[in-house]
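What follows is a short report on a single structure.
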Amino acid sequence: MKEKIIIVGAGPCGLSTALYLKEAGYDPLIIDRGNIVHTIYRFPTHQTFFSTSEKLEIGNMPFVSPNSKPVRMEALSYYREVVKRNNLRIHPYEEVIDVQKESTRISVTTLKNGHQHVYEASFVVMATGYYDQPQWMGIKGEHLEKVSHYFKEAHPYFGTDVAVIGGKNSAVDAALELYHAGANVTVFYRGKDYSSSIKPWILPEFDSLVQKGEIQMHFNVNVLEIKETTMIYELDGKQYSIPNDFIFAMTGYKPNISFLEKCHIQIDKETGRPIKNDATFETNIENIYVAGVIISGYNGNETFIENGRFHGGKIAAAIIEKCKK
């Protein structure tokens, strides 16, 4: 199948890029291994955004919320409406497994329902995000069934012993929800104090519970091994074992560097950033662009929806300019 422009990834930044291109007269095809804004769908059910609703808007479509900061369900509804109103073309549940430049065309290979499909495009935009790639700890037992890198909701953990590994927003959010649902929560963090990135409106409640002993908090911890019913960790040079039923390893996420390298996109080895033209977001491969958090490499706290939503404007301008020649 021949397409003028293919966008890999249907997150907010991929959708925003499509809207910029559609405004310029193009009709890009968006392909995603999940459905639209799948990362937001995988957020905890109670998730409240750090950003205000207007900073999550794309395509000049207002995002109206009665709350000072919108919640997950509002965002899902908003982005669905954006796609519907703008008639964006989406191929959901189709995974892009390879992108290769071949002469003047770009070949995009996908996998859906066990079958491969090949598209040809003139331009490709990589907006694949990073939420599907957990930061593995590299320890024995972290692939056990009781361990998860994603937290959805707390109810199933009522009355159980739960360890939370990490000390940033996702870990603190999960610990609070688990506590309120009646779980026995212990948090393990390698840092020596609370992370400065924790949302200021949730830290006081969390610290109060820690001070009261309602949530156990251990700093300067090195997790060594996870077993079926226990976890082994090191603190102040001594090893300890703690029983638990479930573990949430909220250790962060990373871009799929190996996929980009497979597509021959050059990566800065130290930062994990794709090599790109800062003015156009074009990579070292002609007519292949990057957008969204993927441009930040290993520093996922640098690019968010509120600034990544503007990448598509630069990409659209670059494509328009090329098509004039």
Side-chain angles (χ1 to χ4, degrees), residues 1-33 58 88-91 94-111 116-130 132-133 254-299 302-303 307-325:
M1 295 177 63
K2 291 186 177 181
E3 296 287 345
K4 186 68 173 179
I5 305 169
I6 290 178
I7 298 172
V8 184
C13 296
L15 296 178
S16 177
T17 300
L19 292 170
Y20 277 109
L21 288 163
K22 192 146 192 178
E23 186 179 4
Y26 299 100
D27 189 21
L29 171 65
I30 308 167
I31 305 175
D32 197 288
R33 65 191 298 183
I58 58 175
L88 296 182
R89 291 195 299 144
I90 312 287
H91 281 198
E94 184 170 355
E95 182 178 8
V96 175
I97 59 175
D98 198 15
V99 176
Q100 297 294 328
K101 180 72 181 295
E102 299 172 353
S103 185
T104 59
R105 306 292 290 177
I106 302 170
S107 174
V108 178
T109 304
T110 69
L111 186 65
Q116 285 193 9
H117 304 267
V118 178
Y119 301 83
E120 285 188 355
S122 301
F123 303 92
V124 170
V125 181
M126 301 285 208
T128 51
Y130 72 114
D132 286 333
Q133 305 289 323
K254 62 182 180 180
N256 192 343
I257 298 296
S258 60
F259 173 68
L260 296 180
E261 290 179 326
K262 179 183 179 182
C263 302
H264 303 291
I265 294 174
Q266 292 180 357
I267 305 294
D268 183 286
K269 297 298 182 183
E270 183 176 341
T271 65
R273 300 172 189 268
I275 304 301
K276 65 175 178 58
N277 182 315
D278 290 338
T280 64
F281 286 69
E282 187 174 22
T283 67
N284 60 290
I285 307 296
E286 185 180 10
N287 295 342
I288 296 182
Y289 301 79
V290 286
V293 69
I294 196 173
I295 74 165
S296 299
Y298 302 130
N299 186 9
E302 184 178 83
T303 304
N307 53 7
R309 60 187 173 146
F310 298 116
H311 296 171
K314 293 184 177 182
I315 294 170
I319 291 176
I320 292 168
E321 189 62 30
K322 285 196 174 194
C323 289
K324 288 180 180 178
K325 296 178 181 179

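Since we're looking at a predicted model, the values are computed, not measured.
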Donor-acceptor contact below 3.5 Å, side chain Gln266 vs main chain Ile285: no
message: With rounding to the nearest 0.5 angstrom, report the CD1 to CD1 distance, Ile315 to Ile320.
response: 12.0 Å
Atom pair OG (Ser122) and NZ (Lys4), whose distance is rounded to the nearest 0.5 Å: 4.0 Å
- prompt: Given Thr303 and Asn307, is the side-chain contact (heavy atoms from CB on, under 4.5 Å) satisfied, shown in steps?
  reply: CA-CA 6 Å; Thr303 304; Asn307 53 7; 3.6 Å; yes
- prompt: What do the steps show when you test Asp27 against Lys22 for salt bridge (charged side-chain N to carboxylate O under 4.0 Å, His left out), and what is the final call?
  reply: CA-CA 5 Å; Asp27 189 21; Lys22 192 146 192 178; 3.8 Å; yes
message: Just so I know, are the side chains of Ile288 and Ile106 near enough to count as touching, which here means a heavy-atom distance under 4.5 Å?
response: yes
Steps toward side-chain contact (heavy atoms from CB on, under 4.5 Å) verdict (Val124, Val108): CA-CA 9 Å; Val124 170; Val108 178; 3.8 Å; yes
field: Met126 side chain near Val99 side chain, heavy-atom distance below 4.5 Å
entry: yes
query: Is any side-chain heavy atom of Thr110 closer than 4.5 Å to a side-chain heavy atom of Gln116?
result: no
message: Could you go through Phe281 and Val125, starting from their C-alpha distance and side-chain angles, then the distance that decides it, and tell me whether this counts as side-chain contact (heavy atoms from CB on, under 4.5 Å)?
response: CA-CA 9 Å; Phe281 286 69; Val125 181; over 6 Å; no
query: Quick one: OH on Tyr130 to OG on Ser296, what's the gap to the nearest 0.5 Å?
result: 9.0 Å
- request: For residues Asn299 and Thr271, determine if any side-chain heavy atom of one lies less than 4.5 Å from a side-chain heavy atom of the other.
  value: no
message: Quick test of your reading: applying side chain to side chain donor-acceptor pair (under 3.5 Å), list the pairs with at least one residue in residues 283-294, sequence neighbours left out, ordered by first then second residue.
response: Asn287-Lys322
- prompt: So which heavy atom on Ile257 is nearest to which on Gly272, and how close?
  reply: CD1-O, 3.3 Å
query: Just how far is it from atom CD of Glu94 to atom CD1 of Ile97, taken to the nearest 0.5 Å?
result: 10.0 Å
- prompt: Below 4.5 Å, heavy atoms only, C-beta onward: do Ile30 and Arg89 meet side chain to side chain?
  reply: no
- prompt: Counting heavy atoms not belonging to Lys101, are there more than 12 under 6.0 Å from its NZ?
  reply: yes
Please list, one pair per line, the donor and acceptor atoms closer than 3.5 Å that link side chains of residues 8-20 to other protein atoms, with sequence neighbours excluded.
unit_1, atom_1, unit_2, atom_2, d
Ser16, OG, Arg309, O, 2.5
Thr17, OG1, Cys13, O, 2.9

- prompt: Measuring from Glu282:CD to Lys276:NZ, what's the distance to the nearest 0.5 Å?
  reply: 12.0 Å
task: Give the minimum heavy-atom separation between Gln100 and Lys262, together with the two atoms involved.
output: NE2-O, 2.8 Å
message: Between Val96 and Phe259, is there a side-chain heavy-atom distance shorter than 4.5 Å?
response: yes
Contacts of type side-chain contact (heavy atoms from CB on, under 4.5 Å), residue Glu270, not counting sequence neighbours: Asp268
message: Restricting to non-hydrogen atoms, name the atom on Val118 and the atom on Ser107 that form the minimum distance, rounded to 0.1 Å.
response: CG1-OG, 3.5 Å
task: Could you tell me whether Glu23 atom CD has more than 12 heavy atoms of other residues or ligands within 6.0 Å of it?
output: no
query: What is the minimum heavy-atom distance between Ile7 and Pro28, and which atoms define it?
result: CD1-CB, 4.1 Å
message: Between Tyr119 and Leu29, does the side-chain contact (heavy atoms from CB on, under 4.5 Å) criterion hold? Intermediate values first, please.
response: CA-CA 10 Å; Tyr119 301 83; Leu29 171 65; 3.9 Å; yes
query: Looking at Pro255 and Ile294, what are the two nearest heavy atoms and their distance?
result: CB-CG1, 4.2 Å
- request: Please name the pair of heavy atoms, one in Gly129 and one in Val293, separated by the smallest distance, quoted to 0.1 Å.
  value: CA-CG1, 3.5 Å
- prompt: Atom CG in Leu260, atom CD1 in Ile265: separation rounded to 0.5 Å?
  reply: 5.0 Å
